[in-house]
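Here is the structure we will look at, set down as structure tokens.
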Amino acid sequence: MSTDPIIAEVEATAPKIAVEMTGVNKWYGDFHVLRDVNLTVERGERLVICGPSGSGKSTLIRCINRLEEHQKGRIVVDGIELTDDLKRIDEVRREVGMCFQHFNLFPHLTILENCTLAPMWVRKMPKKEAEDLAMHFLEKVKIPHQAHKYPGQLSGGQQQRVAIARALCMRPRIMLFDEPTSALDPEMVKEVLDTMVSLAQDGMTMLCVTHEMGFARQVANRVIFMDAGQIVEMNEPNAFFSNPQHERTKLFLSQILH
Amino acid sequence: MTDISAPRPSITPATPFVSTAFHEPQPAPVSTRGPILWARQHLFGSVPQVLLTLFGIWLVYVTVPPLIKFFLIDAVWTGTNRDACLAEKLGRPVGACWPFIWAKLDQLIYGFYPASERWRVNVVYWLGALLLLPLLIQSLPYKRLNAIAFFGVYPVVAFVLLTGGNLDLQRFVLGWLGVDFSTIGGAQGLRIGFWVDYVLSTVLLTAIAFGISRFLAGPEGGRSAAQTTLSVLGVLAVVLLAVDIDTGLPQVETRLWGGLLVTLVIAVTGITVSLPFGILLALGRRSKLQLVKWLCIIFIEFWRGVPLITVLFFATYMLPLFLPGRFTIDGLLRALVGVALFASAYMAEVVRGGLQAIPKGQYEGAMAVGLRSGLMMRLVVLPQALKLVIPGIVNNFIGLFKDTTLVLIVSIFDLLGSMRAAFTDPNWASPTTLFTGFGFAGIIYFVFCFGMSRYSMALEKRLDRAQRH
């Protein structure tokens with residue numbers, strides 16, 4: 001399978017270090033969600049983050065595009081440090097795409113409009129060009145023929161693939177996935193995972209919160225296990241699955257792998 | 001723990017089953033329901049249903065025939081004065097006295113607008129209808145142009161036509177700051193002094209905007225702020241020129257306006273002002289900026305807390321006492337402002353209801369693709385929120401349309417006010433005049449309100465069809 005020229009071009013111009021987190025802390029009220037997280041992600045890396053619910057894995061990746069605010073520590077995305085400065089936040093969000101558990105497509109817009117909205121209004125792309133780009137990525141996720149339907153008329157798996165295409169239309173250098181298959185019927189999980197695999201083959205830098213261990217084995221460079229707001233274990237997938245070191249990791253893996 | 005493998009006598013052992021045939025989809029059964037069957041199901045299905053049906057029939061029987069008899073069968077259609085509508089002169093029971101309406105029709109439509117100038121009102125009516133209808137019909141093209149014409153150009157044209165324009169503007173910003181050019185006269189109703197003031201003020205304001213924004217947001221921000229200020233003031237100049245120039249039309253004071261004209265002016269202004277203003281207030285109330293938020297809350301709660309009658313009364317009789325002597329504001333304009341602010345506060349709460357119904361994921365989805373808060377609201381949140389609250393918005397419009405009649409208490413005669421004024425004419429005093437008048441006014445109000453209601457339902461259906469799940 002040939003790689004996507006647009007993604008390849010974008011990734012080629014990206015800085016060497018995609019994400020750098022140093023001593024990141026975050027609280028929800030009194031609850032300490034992220035405790036001293038240190039993490040460096042290089043360009044082209046595919047990270048899978050797993051862990052029990054409430055362990056802070058979603059919060060971690062949502063800090064990368066500032067959907068959540070960290071209170072202590074440094075987060076540098078693509079060379080831009082995230083602070084209260086709205087301009088920097090905008091810049092980071094332009095470079096970072098995200099897919100959510102519940103897709104969060106805009107139900108009042110067609111599939112095509114969902115994909116062209118941000119390129120046209122944020123990147124000021126002419127309509128025709130934005131539509132061509134959208135069709136390119138809709139073809140990549142294999143739903144070009146649904147372009148003029150509304151999200152409500154599509155299945156869950158199709159909606160998630162549209163969400164991926166929508167994010168790609170902003171030509172992001174980094175893609176974040178927050179449990180992209182958790183809300184899907186079992187039969188639709190594969191079509192979304194296949195799309196993500198092809199994205200990985202294009203060289204996209206990806207951070208995925210997921211419990212799809214097969215996917216982790218297949219595409220991840222590193223698997224991160226989080227518990228109680230901290231990174232407990234991090235390793236390359238084969239070693240991570242066959243030889244977990246930490247007690248908590250062993251327990252977790254024994255619960256989800258049979 | 002119970003042993004689940006223990007045999008349970010009550011359950012027969014499962015028979016293995018594997019589907020061998022694929023069931024092709026078949027057409028749905030043809031409906032066998034005729035009118036009689038339908039009636040049996042829907043009107044006479046059970047005892048309470050039968051009772052309700054009979055009650056409904058009885059209700060129609062006691063209300064509809066008398067109304068038809070009064071307004072059509074027994075009605076008088078022609079005549080020149082009250083004699084035509086008196087039962088003793090006609091020797092038969094008399095229903096609605098329609099000649100009264102024909103005689104007073106001009107007054108009901110124009111109030112005391114001078115007869116020779118009524119064509120101007122007609123032009124405003126027709127122009128309004130011609131611009132509004134294509135705007136409401138989805139399939140017609142040029143929506144943007146049409147909207148600019150209706151919301152931007154039409155109000156100015158209507159204002160000039162209805163009042164006569166020629167406002168004799170004297171001071172702009174500098175004038176009020178003490179640098180007075182207003183003594184320099186001019187021609188065609190324009191004062192050169194005012195326009196000198198305007199040009200200098202524009203230069204000054206643009207420079208100020210440029211300076212502040214440059215200081216706050218750098219050269220790029222300065223340039224765009226200067227451009228925005230300049231274009232706003234440029235548009236304002238065109239508007240002011242239009243209302244200032246002497247068009248040759250005689251001035252018609254607003255106290256001469258009346259009837260349907262006043263009703264429509266107040267309702268249309270209230271409606272078109274309250275929606276955008278209400279949206280801004282609703283957004284402001286949810287703002288993270290505490291100052292904006294609290295100002296909006298105070299504004300909304302104040303206007304929701306006082307009755308419209310108090311507002312109108314205050315604006316008309318108390319406000320002039322507080323304002324400095326040379327400040328006189330037109331009576332109708334004061335009522336208009338009162339109604340518009342009042343309606344905006346109500347609208348704000350309806351819109352806020354819609355905003356609250358939008359799930360957090362929509363905001364996150366919009367932020368994640370890089371939309372800033374302004375664009376996020378405009379492109380993602382508001383279109384969905386407003387669609388959700390169409391019933392509430394139209395409810396407000398309809399309420400506002402009927403509330404306009406309250407301006408009667410500050411001596412502005414809207415449709416109903418003109419009607420009541422017409423009742424006092426001894427020439428048409430008859431036992432049925434009152435009923436005819438109120439019946440007619442009711443029909444007019446109903447036509448407008450029902451029209452709005454139907455249009456909103458059609459709109460909802462259309463938006464729903466597009467996004468059906």
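Labels below follow one simple rule: chain letters A, B, ... track the order of the sequence lines, proteins then strands, and each chain is numbered from 1. These numbers come from a predicted model, not from an experiment. Just the heavy atoms: all of them, side chains too, but no hydrogens, waters or symmetry mates, feed the values below.
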Checklist entry - Is there a side-chain contact (heavy atoms from CB on, under 4.5 Å) between A:V122 and B:V369 once you walk through the steps? => result CA-CA 9 Å; A:V122 181; B:V369 288; over 6 Å; no
Checklist entry - Are side-chain heavy atoms of A:P107 and B:Q362 found at a separation under 4.5 Å? => result yes
Next on the checklist: Tell me if a side-chain donor or acceptor on A:H108 pairs with a main-chain N or O of B:L379 at a distance below 3.5 Å.
Outcome noted: yes
Checklist entry - Are more than 12 heavy atoms from other residues, nucleotides or ligands located less than 6.0 Å from atom CZ of B:F450? => result no
Checklist entry - Around A:H145, counting heavy atoms of other residues, nucleotides and ligands shown, do more than 12 lie under 6.0 Å from its NE2? => result yes
Checklist entry - Between OG of B:S373 and CG of A:D90, what distance do you get to the nearest 0.5 Å? => result 8.5 Å
Checklist outcome for this item: Smallest heavy-atom separation, B:A368 atom then A:F100 atom, equals CB-CZ, 3.8 Å
Checklist entry - Are more than 12 heavy atoms from other residues, nucleotides or ligands located less than 6.0 Å from atom CH2 of B:W294? => result no
Item to check | Toward chain B, the part of A:V92 with a non-hydrogen atom under 4.5 Å | outcome: neither
Checklist entry - Counting heavy atoms not belonging to B:Y142, are there more than 12 under 6.0 Å from its OH? => result no
Item to check | Atom group of A:R62 that falls short of 4.5 Å from chain B, counting heavy atoms | outcome: side chain
Item to check | Validation row: B:L375, A:L117 side chains within 4.5 angstrom (heavy atoms) | outcome: no
Checklist outcome for this item: Under 4.5 Å to a heavy atom of chain B? For A:L105 that would be backbone
Item to check | Residue B:Q290 excluded, over 12 heavy atoms near CD under 6.0 Å | outcome: yes
Next on the checklist: Can you confirm whether more than 12 heavy atoms, excluding those of A:K72, are under 6.0 Å from its NZ atom?
Outcome noted: no
Item to check | Result of checking B:R372, B:R378, B:M376 against A:W121 for side-chain contact (heavy atoms from CB on, under 4.5 Å) | outcome: B:R378
